[in-house]
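Since the model is a prediction, treat every value here as computed from it, not as a measurement. The basis for the numbers below is simple: all heavy atoms, side chains too, and nothing from hydrogens, waters or symmetry mates.
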Amino acid sequence: MKTSIIESDIIIGMLDTGVWPESESFNDIGFGPIPKKWKGTCQKSANFTCNNKIIGARYYLTDGDNGPEDFISPRDAEGHGTHTTSTAAGGLVSQASLFGIAKGTVRGGVPSARIAVYKICWSYGCSDEGILAAFDDAIADGVDIISLSVGSFIPFDYFEDSIAIGAFHAMKKGILTSNSAGNGGPTPGSVVNVSPWSLTVAASTIDRKFVTKVKLGNGQIYEGATINTFDLKGKMYPFIYGGDAPNLTLGVASEFSRYCFPGALNATLVKGKIVFCEYFTDYEGVLEAGALGAVFQDTGNKDFQFSYPLPFSTLNVNDGRMIINYLNATENPTATIFKTSQDNNQFAPFVVSFSSRGPNPITTDILKPDLTAPGVDILAAWSEASTVTEDDTRRTRYNIISGTSMSCPHATGAAAYVKSFHPTWSPAAIRSALMTTAIPMTSNNNIEGEHAYGAGHINPLQATDPGLVYDAGEIDYVKFLCGQGYTIANIQLISGNSSSCSEETDGTVWDLNYPSFALSSTPGKSITRVFHRTVTNVGSAVSNYRAVVNAPPGLIIQVQPSVLSFEYVGQQQSFVVTVGAELGNSMISGSLIWDDGVHQVKSPIVAYTSIML
């Protein structure tokens, strides 16, 4: 992997729960002086010290946000911020693992980059005031990229969204904001952080998966889907069905105790045993009853895993039935739960079930998410003030968790990597490079298609040489907002300027110079949209790009002109894409690729019906 000579001058602003500065991932050995452009500070605190890796740290506390476990400093008490920060820019650490699971060398996307920490989130939330103040400070401090693995449970319009407002101000100063798409999937229209001036990142799987095997006394072994950090050494323990251990003292019947809800189990009968439960609710019922471990039958998605505070595995329904048969037919049933092992995930990458989906609920004809990045079962640094999981007492320096919070810093690192090669590129140019070089994905694994993965799976190495970029700046976004009918007052809430709308500043959503193309309509209706785009040559000085169109049945795509010729780097050429679609009740997707024989500048084209929202 090639490394830019100025990577160590790149500063990533992490807006999160803070950081654990003593983590080996933030060791500053080998780092030179702090970049001269840095204007920030390390906010004084009795328990926090910066270095030449973590060069700045601030915290933003609003009354009522913090709990007794919080540090009133940039120090991370929860783990989330330490995990995301090390994913984006942590240094190389060998032999890292979660109690031996996933052992290997960890590193962030840009291990030589510097980190500026802005603690905006506490035990009880992340305030809008703190978010906006952190954006203002990060911009003034001189960061190059902002990473924000934070979002609301429901999408807000741009002028009501502190993250969108902060990201707009960052964009004006040449700073790209990388956002998580949310964990509301696979519900359609659940994507958040959808402002077109930021990068919206979905979460996809990696080529490693974790399995937790369960062995019965009859020798049968079943594969479950959890992260089990406990090692029972293969010892067989008494195995009991939750339905055979009802808490009669509380009047619980076996029809209820088989689900192992809190209070449903007889502690005397299950203590020291492994319990089988017919439906996955939570671990609390078996934990409070004193069970040694638990095996749950689970009908949910198995494409990501959690850790638990006791030996634990979840099995599919068919395997669950086999275990029930064994329990019913065996006088003294036994079982053991093995420590988690890892296997190859041959279907990766695909967008994980929890990753929020489009269509974009705020601006339907802007495709969101923009792209996807690894966000499942990610090993990264952890706060030593936090435990492995809830109701646990064990501490760890590295932890495995999942979420679009994990995919966002992967994209942040990739954006910083591109920035290190092209320090003058705008936020839109960097986002364009990431999107147009993304690895195409297929609806075979994600039926929602581009509404799940956007332009595709991130490809950082290719993104440093995209050939062409779709650029945009403040005036382009103001035109977009005017064309969308936002009032002057609301636009000014977003931009912070005395913006006004006129014929010159009234642009359609289809003319925003975005690297993807989206159009929506009502079911059963034909629709035609015209898109105007301009690309900037950042590849070979003299080059000719030919339009390659992929248009499945029901989609007509015309590109004029079909050849773009460039004579120097920085030259711009414009073109028009006309898209016609015959829509049923779902979506049709195609693509446009500009190809010069060296670069393939890829853009998805998606037509869909409003019934998907």
Side-chain angles (χ1 to χ4, degrees), residues 6-7 9-16 34-41 55-58 60 88-89 110 113-118 120 128-148 150 158-159 161-179 193-201 370 408-409 411-434 469-481 491-499 505 512-514 536 538:
I6 68 164
E7 184 177 300
D9 286 336
I10 297 295
I11 304 168
I12 298 179
M14 299 296 303
L15 278 62
D16 213 297
I34 293 172
K36 292 181 180 180
K37 66 182 178 181
W38 175 245
K39 299 180 179 64
T41 186
I55 62 174
R58 301 175 186 261
Y60 307 83
V110 276
R114 316 297 178 117
I115 296 165
V117 176
Y118 302 86
I120 58 170
D128 289 332
E129 299 95 319
I131 290 170
L132 289 171
F135 265 107
D136 283 345
D137 284 340
I139 294 166
D141 288 346
V143 305
D144 295 292
I145 302 288
I146 290 175
S147 187
L148 201 66
V150 176
Y158 308 128
F159 61 88
D161 185 346
S162 59
I163 296 175
I165 293 169
F168 194 98
H169 286 245
M171 175 273 301
K172 291 196 299 181
K173 297 298 183 180
I175 303 165
L176 175 64
T177 300
S178 176
N179 289 140
N193 293 327
V194 295
S195 65
W197 44 85
S198 62
L199 177 67
T200 309
V201 188
D370 290 311
C408 171
T412 302
Y417 183 67
V418 174
K419 179 85 172 179
S420 73
F421 285 91
H422 306 286
T424 63
W425 280 12
S426 70
I430 294 172
R431 180 186 58 201
S432 173
L434 294 172
V469 293
Y470 294 80
D471 208 350
E474 179 182 0
I475 186 62
D476 300 291
Y477 297 117
V478 170
K479 286 182 178 179
F480 154 77
L481 292 168
I491 293 174
Q492 290 176 353
L493 283 175
I494 299 167
S495 69
N497 297 336
S498 55
S499 304
T505 60
L512 180 63
N513 205 35
Y514 216 73
T536 303
V538 295

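Of the residues Asp141, Asp144, Asp9, the one that meets the salt bridge (Lys or Arg N to Asp or Glu O under 4.0 Å) test with Lys37 is Asp144.
Taking each heavy atom of Leu148 and Leu15 in turn, the nearest pair found is CD1-CB, 2.9 Å. Scanning both residues, Tyr118 and Ala138, for their nearest heavy atoms gives OH-CA, 3.4 Å. Between Lys172 and Ser495, the shortest heavy-atom distance links the atoms NZ-O, 2.6 Å. Closest of all the heavy-atom pairs between Ile6 and Ser420 is CG1-O, 2.9 Å. The minimum heavy-atom distance linking Met14 with Ala88 is given by the pair SD-CB, 4.1 Å. Of all non-hydrogen atoms in Ala89 and Ile12, the two that sit nearest each other are CB-CD1, 4.0 Å.
Considering CG of Leu199 and CG of Asn193, their distance stands at 10.5 Å, rounded to 0.5 Å. Atom OG1 of Thr412 is separated from atom CD1 of Ile145 by 7.5 Å, given to the nearest 0.5 angstrom. Atoms CD1 and NZ, on Ile146 and Lys173 in that order, are 12.5 Å from each other to the nearest 0.5 Å. In this structure, CD1 in Ile120 is found 10.0 Å from CG in Leu132, a value given to the nearest 0.5 Å. Atoms CG and OH, on Asn513 and Tyr477 in that order, are 8.5 Å from each other to the nearest 0.5 Å. Between the CZ atom in Phe168 and the CG atom in Leu481 there is a gap of 6.5 Å [rounded to 0.5 Å].
Looking at Ser432, its side chain does come within 3.5 Å of a backbone N or O of Tyr470 through a donor-acceptor pair. Distance alone, capped at 3.5 Å, places no donor-acceptor pair between the Asp137 side chain and the Gly40 backbone. A donor-acceptor pair under 3.5 Å is formed between the side chain of Ser178 and the backbone N or O of Cys408. Although no hydrogens or angles enter the test, the distance criterion places no donor-acceptor pair under 3.5 Å between the side chain of His169 and the main chain of Ala164.
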Determine whether Asp370 and Val201 satisfy the following criterion, side-chain contact (heavy atoms from CB on, under 4.5 Å), listing intermediate values before the conclusion. CA-CA 6 Å; Asp370 290 311; Val201 188; over 6 Å; no
Take Gln492 and Phe159, measure what side-chain contact (heavy atoms from CB on, under 4.5 Å) needs, and give me the verdict at the end. CA-CA 8 Å; Gln492 290 176 353; Phe159 61 88; over 6 Å; no
Stepwise side-chain contact (heavy atoms from CB on, under 4.5 Å) check, Asp476 with Phe480: CA-CA 6 Å; Asp476 300 291; Phe480 154 77; over 6 Å; no
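Using modelled atom types, one finds no donor on one side chain facing an acceptor on the other under 3.5 Å when comparing Ser198 with Thr177.
A heavy-atom distance below 4.5 Å is found between the side chains of Pro196 and Leu512. Looking at Trp38 and Val143, their side chains come closer than 4.5 Å, going by heavy atoms from C-beta outward. Using a 4.5 Å cut-off on side-chain heavy atoms (C-beta onward), Val538 and Trp425 make contact. Using a 4.5 Å heavy-atom threshold, the side chains of Ile430 and Lys419 count as touching.
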